[in-house]
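Counting convention: from 1, in listed order, for ligands and their atoms alike. Everything quoted here is computed from the prediction, not taken from an experiment. For reference, positions follow the sequence shown, starting with 1.
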Amino acid sequence: MVNVGVLGATGMVGQRFIQLLDKHPDFEITALAASSRSAGKKYEDATTWYLDDAMPESVKDIVVSETDPSLISNDVDILFSSLPTENAAVVEPKFAEKFIVASNASAMRMEKDVPLVIPEVNHEFLDIIEIQQKNRGWDGFIVTNPNCSTIALTLTLKPIYDNYDINRVYVSTMQAVSGAGYNGVPSMAIVDNLVPFIGGEEEKMESETLHLLGILDGLEVKPAQFGLTASCHRVAVLDGHTESVFIELDQNVDIDDIKNDIANFKSLPQELDLYSAPKSPVIVKEEDNRPQPRMDRNADGGMAVTVGRLRKDPVFDNSFKYVLVGHNTIRGAAGASILNAELINRTIL
Ligand SMILES: NC(=O)C1=CN([C@@H]2O[C@H](COP(=O)(O)OP(=O)(O)OC[C@H]3O[C@@H](n4cnc5c(N)ncnc54)[C@H](OP(=O)(O)O)[C@@H]3O)[C@@H](O)[C@H]2O)C=CC1
Ligand SMILES: N[C@@H](CC(=O)OP(=O)(O)O)C(=O)O
């Protein structure tokens, strides 16, 4: 077993880490850290548990520490980070001096020597670790996963991008409240309402997606070259981000070919049969009323993205559109970091 810890363990994503790591065949939680508000308390006393499944017995008595590397035992190998971005920027590099940090925070994602990875899309970016350790003189390293909306979108774009020339992509999101954390959106702001702004989200979707679909030139990422514009909105859904996607290709499209490309998409995590890998990263639904967050967010344990309403655009040439749903705190956050760590554990450690 590999000993692992969670930084930001009491938060919304931290709780998902704990839920998904409970009974993991290769990883065992031995350390939990959060802010000074929680430090020194047993995890069950420090945490307002939000998930439907009960808090795992195995973590209840672990005493939460502050996010200081000297407080974490040297026999921990991997630290999953779900710290707020501003804390992650300061703390994650300190942990990476001696630990592997699988981070879900955005702080380090676009650093040149930090791999931003979705295992099904760009597992080869893990080669960047070598240059990170050399540049920074660290014994450990940091690997990051993308923003939650970006992960779901990019998993659906990858099989299209691999087979056709994309001219442009428009995406409009309807994002769950859990994406903003437990105290993120007041109920008075969201019940009976929609908020048409999520700070930084559009920029992250626009830059991270092209980066992920880019190529490694030496050890430098050259982003994909097509136009992508996003409009992001918060809706009164607890978990599960929905996205409406419009794509124009450089050529005429046979919508059935595209459907087959998406539905048959598989990659390294499926070949290696990694524990958290979904059988198919993207599930295609035929029903007119799918996907829906309540019905589709938990597809394959929340690790598969569901696409529906895939249809040719009747107005614009060479164009088609679809709707997707992905679980924002599983595939879009904790599950994504865990899959990265499983790939590292299998291929690097
Ligand atoms: N929610 C989502 O869908 C997604 C979230 N993310 C990212 O994951 C990270 C966590 O998000 P989320 O779980 O929603 O946030 P929460 O606010 O629910 O949790 C934040 C966690 O960080 C801890 N923390 C807060 N301040 C400090 C500090 N100064 N020092 C140390 N620890 C601190 C909190 O501890 P305490 O309880 O003690 O205050 C808590 O454990 C963020 O970077 C977010 O952007 C990424 C993708 C999706
Ligand atoms: N901003 C996302 C969640 C998030 O925290 O994203 P990021 O990991 O890029 O900071 C949402 O509100 O749904």
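Between the side chains of Gln19 and Asp53, a donor-acceptor pair is found at a separation under 3.5 Å.
For Lys259 and Glu286, the salt-bridge test passes: some basic side-chain N is under 4.0 Å from an acidic carboxylate O. Using a 4.0 Å cut-off between charged nitrogen and carboxylate oxygen, Asp273 and Arg346 do not count as a salt-bridge pair. Using a cutoff of 4.0 Å between basic side-chain nitrogens and carboxylate oxygens, Lys42 and Asp61 are scored as salt-bridged. Look at Arg109 and Glu111 and you find no salt bridge, because none of the NZ, NE, NH1 or NH2 atoms lies under 4.0 Å from a carboxylate O. Arg290 and Asp296 are joined by a salt bridge, as a carboxylate oxygen and a charged side-chain nitrogen come within less than 4.0 angstrom of each other. One finds no salt bridge joining Lys266 and Glu271 here, because no Lys/Arg side-chain nitrogen approaches an Asp/Glu carboxylate oxygen to under 4.0 Å. We find that Asp139 and Lys98 are not joined by a salt bridge, their nearest charged nitrogen and carboxylate oxygen being 4.0 Å or further apart.
At the top of the distance list for atom 8 (O) of ligand 1, counting protein heavy atoms only, stands Asn104 ND2, 3.0 Å. Protein heavy atom in closest approach to atom 9 (C) of ligand 1: Leu83 O, 3.4 Å. Regarding atom 5 (O) of ligand 2, its nearest protein heavy-atom neighbour is Gly179 O, 3.8 Å. For atom 6 (O) of ligand 2, the closest non-hydrogen atom on the protein side is Asn147 ND2, 3.3 Å. Protein heavy atom nearest atom 7 (P) of ligand 2, with residue, atom name and distance: Lys204 NZ, 3.4 Å. Among protein heavy atoms, atom 33 (C) of ligand 1 sits closest to Ser35 CB, 3.6 Å. Nearest protein heavy-atom contact of atom 24 (N) of ligand 1 is Pro84 CD, 3.7 Å. Among protein heavy atoms, atom 30 (N) of ligand 1 sits closest to Asn87 ND2, 3.8 Å. Of the protein's heavy atoms, Glu201 OE1, 3.3 Å lies nearest to atom 2 (C) of ligand 2. In terms of protein heavy-atom proximity, atom 19 (O) of ligand 1 is closest to Gly11 CA, 3.2 Å. The protein heavy atom nearest to atom 45 (O) of ligand 1 is Thr85 OG1, 4.2 Å. Summary of contacts: the protein heavy atom closest to atom 41 (O) of ligand 1 is Thr10 OG1, 2.6 Å.
Listed by number with element, the atoms of ligand 1 under 4.0 angstrom from any heavy atom of Thr67 are 31 (C). Taking every heavy atom of Ser38 and a limit of under 4.0 angstrom, the matching atoms of ligand 1 come to 36 (P), 37 (O), 38 (O). With ligand atoms numbered from 1 in the order given, ligand 1 contributes 25 (C), 26 (N), 39 (O) to contacts under 4.0 Å with heavy atoms of Arg37. Within ligand 2, counting atoms from 1 as listed, the ones closer than 4.0 Å to a heavy atom of Cys148 are 2 (C), 3 (C), 13 (O).
Of all the listed residues (Val13, Asn183, Thr329), Val13 holds the heavy atom that lies closest to atom 5 (C) of ligand 1.
The shell of residues lying under 4.0 angstrom from ligand 2, judged by heavy atoms, includes Arg109. At least one heavy atom of Asn104 sits less than 4.0 Å from an atom of ligand 2. Under the 4.0 angstrom criterion for non-hydrogen atoms, Ser106 is not in contact with ligand 1. A heavy-atom separation below 4.0 Å is found between Ala9 and ligand 1.
Neither the backbone nor the side chain of Ala105 has a heavy atom within less than 4.0 Å of ligand 2. Only the side chain of Ile198 comes within 4.0 Å of ligand 2, counting heavy atoms alone; its backbone N, CA, C and O stay farther away.
Closest approach of Ala333 and Asn145 over heavy atoms only: O-OD1, 3.9 Å. Closest approach of Tyr43 to Val59, counting heavy atoms only: CB-O, 3.2 Å. Between Gly140 and Gln133 the shortest heavy-atom distance is O-NE2, 3.1 Å.
At a 3.5 angstrom cut-off on N or O pairs, Cys148 does not count as close to ligand 1. Considering backbone and side-chain N/O of Ala333, none are found under 3.5 Å from N/O of ligand 1. Polar contact with ligand 2: absent for Thr85 (N/O pair, distance under 3.5 Å).
Taking the six-membered ring for Trp and thresholds of 30 and 60 degrees, Tyr50 and Tyr182 have ring planes more than 60 degrees apart, a perpendicular arrangement. By the 30° and 60° cut-offs, the orientation of the rings of Phe320 relative to Tyr322 is parallel.
Proximity of a side-chain donor or acceptor of Ser319 to a complementary backbone N or O of Asp317 within less than 3.5 Å is detected.
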